[in-house]
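Sequence lines set the chain letters: A, B, ... in the order given, protein chains first and strands last, and positions in each chain run from 1.
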2 protein chains.
Amino acid sequence: MARAPAADLLKIDHLLCFALYSAGHAFTRLYKPLLDPLGLTYPQFLVMIALWENDGQTVSEIGDKLLLESSTLTPLLKRLETAGLIKRTRDKDDERVVRITLTRQGLALKDKAASIPETIGCATSLTIGDVKKLASEIKTLRQKLQTALAA
Amino acid sequence: MARAPAADLLKIDHLLCFALYSAGHAFTRLYKPLLDPLGLTYPQFLVMIALWENDGQTVSEIGDKLLLESSTLTPLLKRLETAGLIKRTRDKDDERVVRITLTRQGLALKDKAASIPETIGCATSLTIGDVKKLASEIKTLRQKLQTALAA
DNA sequence: GCGATTTATATCGCGCACGATATAATCGTT
DNA sequence: AACGATTATATCGTGCGCGATATAAATCGC
């Protein structure tokens, strides 16, 4: 149970951050053929999920949920608007705020997307329990990283 | 123990892919202040680690290790060359191949980087054992995703 | 009620990340 | 030897993702 020497920590295969980095990309690649027919990229898909969950959110609220900056979201949301999936409207009470609402098409897309998580789930060949456990562990890790960053 | 209804699978907080996506970004943000003094971005750092582990690799070998395409690596490697950390030389025996070797500066940077994983490790407030276990689970997941993609 | 500060979104520049394609070198078959 | 197929890297266009900055609206202090 000796401590690993510092040198060993600088190996790609030992780095937790690289495991996350590469698994994240692998997920994106796996989603692509499923999202292409919907005309969505993977980050756009995440934004749509956030809106299907709760329509009419502001840009910041979406950013808080997905941990993205306005510099990322504003162009992405404009592309979704151009695609006819959402509408961007300035809040009447506070003109600084932009509220994002689903169009009929945007809402309808939810049905087509409904089967995607299950398809992906099968590809992982993990049980629902395993997926939940792993997701929760990674979420906890992310929260710790966020806390560390804020400190 | 009933199966979760399909609707629940389309919630951001339940998605394993989003956990990975956001934790990956959180890691990158945490690394940034540590890598800035070295003049490296996070993906560049990964490439340097791969080279410190094994100098003189070809572009494809690095791509295989990090799961990146030449369209990503070529510009990145050119930036590392401009920064004076690596040298790109065509292989004498096979002129198609570009071999990447560390310069003296590139090699020297390893010492400055040596303490980074430990600093990050502290930020996660996980034991070495937990980190290893989680990294290995995520790596297994990534392998399953890759397998699914190839199929 | 007016200037200073804060807040919400937008813009810009840079660096990934990838698919599609291009180019050039090597290999295999004949 | 020649030619078609394969391989390694490079190039291009699109879309993130972020830090720094800009802009405009709301709020605070007085």
With a 4.5 Å limit on heavy-atom distance, are the side chains of Ile12(A) and Leu46(B) in contact?
yes

Judged by atom type as modelled, is there a donor-acceptor pair below 3.5 Å linking the side chain of Trp52(A) to the main-chain atoms of Gly106(A)?
yes

Between dC12(D), dC16(D), dC16(C), which one does the side chain of Ser71(B) approach most closely?
dC12(D)

Please state how far atom CE in Met48(B) lies from atom C1' in dG15(C), giving the value in whole angstrom units.
17 Å

Residues from residues 78-88 of chain B sitting under 4.0 Å of DNA chain D, heavy atoms only?
Lys78(B), Arg88(B)

Show every side-chain hydrogen bond (donor to acceptor under 3.5 Å, both in side chains) that has at least one partner inside residues 71-81 of chain A, sequence neighbours left out.
Glu81(A)-Arg88(A)

Can you tell me how far P of dT11(C) sits from CG of Leu73(A), to the nearest Å?
14 Å

For Leu77(A) and dA10(C), what is the distance between atoms CG and C1' respectively, to the nearest whole Å?
12 Å

Judged by atom type as modelled, is there a donor-acceptor pair below 3.5 Å linking the side chain of Thr58(B) to the main-chain atoms of Val98(B)?
no

Between atom CD in Glu69(A) and atom C1' in dC12(C), what is the gap in whole Å?
15 Å

On DNA chain D, nearest-nucleotide positions of Pro75(A) versus Glu61(B): which is more 5'?
Glu61(B)

Please tell me if Thr74(B) has a side-chain N or O lying less than 4.0 Å from either OP1 or OP2 of dA10(D).
yes

Spacing between Arg90(B) atom CZ and dT7(D) atom P, to the nearest angstrom
17 Å

Please check if the side chain of Arg90(B) supplies one atom and the backbone of Arg96(B) the other of a donor-acceptor pair under 3.5 Å.
yes

Enumerate the residues from residues 12-47 of chain B whose closest heavy atom to DNA chain D is under 4.0 Å, giving them by residue number; use none for an empty result.
Tyr21(B), His25(B), Arg29(B), Lys32(B)

Of Leu76(B) and Val59(A), the one whose nearest nucleotide on DNA chain C sits closer to the 5' end is Val59(A)

Contact under 4.0 Å: Ser70(B) side-chain N or O vs dA10(D) OP1/OP2
no

With the 4.5 Å side-chain cut-off for hydrophobic clustering, are Leu109(B) and Leu76(B) part of the same group?
yes

Are the side chains of Gln146(B) and Leu67(B) in touch, meaning some heavy atoms are under 4.5 Å apart?
yes

Applying the side-chain contact (heavy atoms from CB on, under 4.5 Å) test to Ile86(A), which of Leu77(A), Val47(A), Leu107(A) qualifies?
Leu77(A)

Residues pairing under side-chain hydrogen bond (donor to acceptor under 3.5 Å, both in side chains) where one sits in residues 12-30 of chain A, two or more places apart or in two chains, turn out to be Ser22(A)-Arg142(B)

Measure all distances between protein nitrogen or oxygen atoms and nitrogen or oxygen atoms of nucleotides 21-28 of chain C, and list the pairs falling under 3.5 Å.
| unit_1 | atom_1 | unit_2 | atom_2 | d |
| --- | --- | --- | --- | --- |
| dT26(C) | OP1 | Glu95(B) | N | 3.1 |

Can you tell whether the side chains of Glu137(A) and Lys133(A) come within less than 4.0 Å, N to carboxylate O?
yes

Could you work out, with ring pair (Phe, Tyr, Trp, His ring centres under 6.0 Å) as the rule, every residue matching Phe45(A), not counting sequence neighbours?
Tyr31(A)

